[in-house]
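Chain letters run A, B, ... following the sequence lines, proteins first, then strands; residues in each count from 1.
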Amino acid sequence: MPLFALVDCNNFYASCERLFRPGLKGRPVVVLSNNDGCVIARSNEAKALGIPMGAPAFQWEHVFRRQGVAVFSSNYALYGDLSARVMRVLEEAAPAVEVYSIDEAFLDLSGVQEPESFCRELRQRVTRHTGIPVSVGLARTKTLAKLANRHAKKQPTTGGVFDLAALPDPEALLAATEIGDVWGIGPRHAKRLAARGVATALDFIRLPRDWVRKAMTVVGMQIHMELCGISCLSLEQAPPPRRSVLCSRSFGQLIRDREHLREAVCSFAARAAEKLRAGGLDAQAVQVFALTPRHREELPQHQGQATVTLPCPTDHSPDIVTAALRGLEQAFCEGFAYQKAGVQLLGLTPSASRQASLLDLPPEQRQRRRALMDVLDLVNRRHGRHALRLALAAAPERPWHMRQHRRSPRYTTSWDDLPRVGE
DNA sequence: TCTGGGGTCCTAGGACCC
DNA sequence: TCTGGGGTCCTAGGACCC
């Protein structure tokens, strides 16, 4: 019988911000999304103030001020680095680890004696080595381990570790879990299920599996089985190959002007191409989209989108930018005020296995193009992401660039931002 | 004034081929 | 009057996750 543990960092981004500012201990902390748009992480104190996940920041500004909430723009350089440290501790301690997201990992503890005390020891180890608090849920399936983890987080009596597999009556926990809180059940399915009288995870497992399969596809059926203790999802230690690369942003102010949108799309395409090369991949197609604001019904709405297929797979920034701008010509409509745009690269294949094609350039020209991209990436790695950019790409001082007024220093990834002790 | 960004998977339906 | 069938590939849309 398999045994899974889910290790999840508590309020991860908020915990990261607190790490180098001991003065924030016990104070409410929130972290905002890109563009300082909405709340994406909250310390327990912030949760206690009733600030919901996803809350638009501007609506809560008065609470932030009145309650002395420490507010941060998101600082992914910091979170990514601390995440890697947490994962390293897990990998050193556990036999098999699947890094599931920036703040979560599944462990396979099938052969481990005394799994619960193993997890308690592991939990302390992570805190000792990284300063990040974590919770651990144990169960026979990944979906149940998620549930166990929620319980470990919410119930202080668990001491941050909860073993559902050792419980004599696991149905009690299912009965206490709202269906929308089950991993894989989103708001749409929760609503449909509610209409059928399903309020809890226990109600759900009592539905006939055939019905679930029909109404919620094989994905729903797997959730059903996993909640019943039948493991369908295995530990994935090697990350699956990427299928797409996306770069999109909301703008600090609406864009009506075609030229400005071209600049933005050019920057996004160039950034997407960098990510592509970093992963050693080529793209076969470039998709561009431009959207008007979702929450402004008084404005005319438009969702423009176009896909351009490349003559042959490439990771060359100018090719990708050119294709993106062609796509934009189709997606863009004069007279609308756009709030967000993006470039997505599709049909990814490893550059190493690139097929020779009749449309390919002669070898010496290919080498020159390759060398150019190598230099571009090298300079930008050494001197910052915008050090070298294509002529069409937006200058960083454009007014519609995203807002990030409250970003903390890059304490762990930038020499200039190292925390100072004893000042 | 102000509501994120980056991913995955599944299915249905159309195009296309033989 | 009557107009095949089966397979594959691609895409769009929907749903979900963190």
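- A/Ile102 comes within 4.0 angstrom of no nucleic acid atom, judged by non-hydrogen atoms across all strands.
- Within 4.0 Å (heavy atoms only), A/Lys214 reaches no atom of the nucleic acid at all.
- Nucleic acid contact class of A/Lys275 (heavy atoms, under 4.0 Å, all strands): sugar-phosphate only.
- Among the atoms of the strands shown, none is found under 4.0 Å from any heavy atom of A/Gln344.
- Among the heavy atoms of the strands lying under 4.0 Å from A/Gln339 are primed sugar atoms or P, OP1, OP2 only; no base atom is included.
- Across all strands, A/Pro187 comes closer than 4.0 Å only to sugar-phosphate atoms, never to a base (heavy-atom distances).
- Counting any heavy atom pair closer than 4.0 Å across all strands shown, A/Asn35 reaches no nucleic acid atom.
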Start with the C-alpha distance between A/Val288 and A/Phe268, add both sets of side-chain angles, then the distance that settles side-chain contact (heavy atoms from CB on, under 4.5 Å), and finish with yes or no. CA-CA 10 Å; A/Val288 180; A/Phe268 300 159; over 6 Å; no

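- Mapping A/Val218 and A/Arg243 onto DNA chain B via the closest heavy atom, the residue that lands nearer the 5' end is A/Arg243.
- Looking at heavy-atom distances under 4.0 Å, A/Val182 makes contact with sugar-phosphate atoms alone, never a base.
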Convert the base pairs of DNA chain C into dot-bracket notation, remembering that pairs crossing earlier ones are written with [ ] and that bases paired across to another strand are shown as |; include only Watson-Crick or G-U pairs under 3.5 Å. ....||||||||||||||

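- Considering all non-hydrogen atoms of both residues, A/Met373 and A/Pro318 come closest at CE-CD, 3.7 Å.
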Are there any protein N/O atoms within less than 3.5 Å of an N/O atom in nucleotides 12-17 of chain B, and if so, which ones and at what distance?
none

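- Nucleic acid contact class of A/Asp103 (heavy atoms, under 4.0 Å, all strands): sugar-phosphate only.
- Classification of A/Glu274 and A/Arg381 as a salt-bridged pair fails, no side-chain N sitting under 4.0 Å from a carboxylate O.
- Between A/Thr412 and A/Asp81, the side chains place a donor N or O and an acceptor N or O closer than 3.5 Å (distance only, hydrogens not considered).
- Here CG of A/Leu32 is found 6.0 Å from CZ of A/Phe64. Values are rounded to the nearest 0.5 Å.
- Within the nucleic acid shown, A/Arg296 comes within 4.0 Å of sugar-phosphate atoms alone, with no base atom in reach, counting heavy atoms only.
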